[in-house]
Amino acid sequence: MQVINTIAQLQDILVSERAKGMSIGLVPTMGALHEGHASLVRKSVSENDITVVSIFLNPTQFNDPKDLERYPRTLESDCAILEECGAQIAFAPSVGEIYPEPDTRRFSYPPTDSVMEGARRPGHFNGVCQIVSKLFMITDPDRAYFGEKDYQQIAVIRRMVEDLKFRVDIIPCPVIREADGLAMSSRNTLLAPDEKAIAPNIYRILKESKSLGLTVSETREWVVCNINEIPGLEVEYYSIVDGDTLADIEDWSDSASVVGCITVYCGKTPIRLIDHIRYK
Ligand code: AMP
């Protein structure tokens, strides 16, 4: 596997591979890789001739500087994981390489980017669109792989691809979980052992909420109450939405695709955990 740090070097390689008829898969990441990322990389490797995994802690998508500061950085072990998954290229540019000038572009795709995480993390999805659009322009991939772990992110990126006419297939990949049900996340390494022990209750309660036979608003309330009853967990929001537009629904029959998206504060720091459940 080659580790590349500059755009020029990456483009030289990709232009020549494409001329040979090779297909290109892109997996954008912020590093601190785990089995969730590895599942995306393996899928890309199985579907493309060349898999490029970007490792870039994108500052423009962090609305909280403390979150950026404490984000884990593990480039060496990341490269070992990518090598083992069979990726051909790790692209690990510096911030100056990606943003030689401040990125002043503005993206707006409501309601996908204005509800839930978009409402609580101002500028977050704008930053996501800035980096993902740059990565698409740099690599011109045939396919790009994103985890459903960040359910809302995929909906926003689909809108951006439609808007800017990128010729790329967006491939959503299922959430990879720990054996206890906790969605794998780079931020999980920041959880103390007692916090890690209570965090799996989030998914357990989401799963239980599928079989209660309650209305949408009763289900929402039931989930929030049950999670908040657990000391150390506090729900920031729980939204039950149309799976494509992410607009709130009032009744189960309002949409053919219904998803519940949650953000929970865990522990004293606290660490913000996100998860979701598909109702239909
Ligand atoms: P991140 O490094 O957190 O930006 O994540 C990079 C990509 O990996 C995103 O598309 C995430 O949705 C995806 N990802 C992160 N955690 C998981 C997981 N547990 N299961 C599946 N995909 C994941």
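Model, not experiment: these values are computed from the prediction. All ligand and atom numbering here is 1-based and tracks the order in the structure.
Ranking the protein heavy atoms by distance from atom 7 (C) of ligand 1 puts Pro28 O, 3.6 Å first. For atom 17 (C) of ligand 1, the closest heavy atom belonging to the protein is Lys149 CB, 3.7 Å. In this structure, atom 20 (N) of ligand 1 lies nearest to the protein heavy atom Ile176 N, 2.8 Å. When hydrogens are left out, the protein atom nearest atom 10 (O) of ligand 1 is Gly147 N, 2.9 Å; that is the closest non-hydrogen contact. In terms of protein heavy-atom proximity, atom 5 (O) of ligand 1 is nearest to His37 NE2, 3.4 Å. Atom 21 (C) of ligand 1 has as its closest protein heavy atom Pro174 O, 3.4 Å. Of all protein heavy atoms, the one closest to atom 12 (O) of ligand 1 is Asp150 OD2, 2.6 Å. In this structure, the protein non-hydrogen atom closest to atom 4 (O) of ligand 1 is Met30 CG, 3.7 Å.
Close approach to Phe146 involves these atoms of ligand 1, each under 4.0 Å from a residue heavy atom: 10 (O). Residue Val175 approaches ligand 1 through these ligand atoms, each under 4.0 Å from one of its heavy atoms: 20 (N), 21 (C). Taking every non-hydrogen atom of Leu40 and a distance limit under 4.0 Å, the qualifying atoms of ligand 1 come out as 7 (C), 8 (O), 10 (O), 13 (C), 22 (N).
With respect to the salt-bridge test (charged N to carboxylate O, under 4.0 angstrom), the residues Glu47 and Lys43 qualify. Between Asp244 and Arg159 there is no salt bridge, since none of the side-chain N atoms of the basic residue sits less than 4.0 Å from a carboxylate O of the acidic one. Of the charged side-chain nitrogens involved, at least one lies within less than 4.0 Å of a carboxylate oxygen, so that Arg42 and Glu35 count as a salt-bridged pair. The pair Glu117-Arg120 does not count as a salt bridge, with every side-chain nitrogen at least 4.0 angstrom from each carboxylate oxygen. Salt bridge annotation for Lys66-Asp64: absent, with no cationic side-chain nitrogen under 4.0 angstrom from a carboxylate oxygen. Looking at Arg272 and Asp67, no side-chain N of the basic residue comes within less than 4.0 Å of a carboxylate O on the acidic one, giving no salt bridge.
Heavy atoms of Glu35 stay at 4.0 angstrom or farther from ligand 1. Residue contacts with ligand 1 do not include Ala32, since none of its heavy atoms lies under 4.0 Å from the ligand. The closest approach between a heavy atom of Tyr71 and any atom of ligand 1 is below 4.0 Å.
The shortest heavy-atom contact between Lys149 and Ala183 is CD-CB, 4.0 Å. Smallest separation of non-hydrogen atoms from Val45 and Cys85: CG2-O, 3.6 Å.
Ring pair Phe62/Tyr71: centre-to-centre distance below 6.0 Å.
With a 4.0 Å heavy-atom cut-off, ligand 1 is reached by no atom of Leu33. At a heavy-atom cutoff of 4.0 Å, ligand 1 is contacted by no atom of Cys173, backbone or side chain. At a heavy-atom distance under 4.0 Å, no atom of Glu148 approaches ligand 1.
When the heavy atoms of Met184, Glu178, His34 are ranked by distance to atom 19 (N) of ligand 1, first place goes to Met184.
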> Should Leu33 and Leu82 be marked as a side chain to side chain contact (heavy atoms under 4.5 Å, CB included) after you check the CA-CA gap, both sets of side-chain angles, and the distance that decides it?
Replying inline: CA-CA 9 Å; Leu33 303 185; Leu82 296 182; 3.5 Å; yes
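Checking Asn58 against Tyr99 by side-chain atom types alone, a donor-acceptor pair falls below 3.5 Å.
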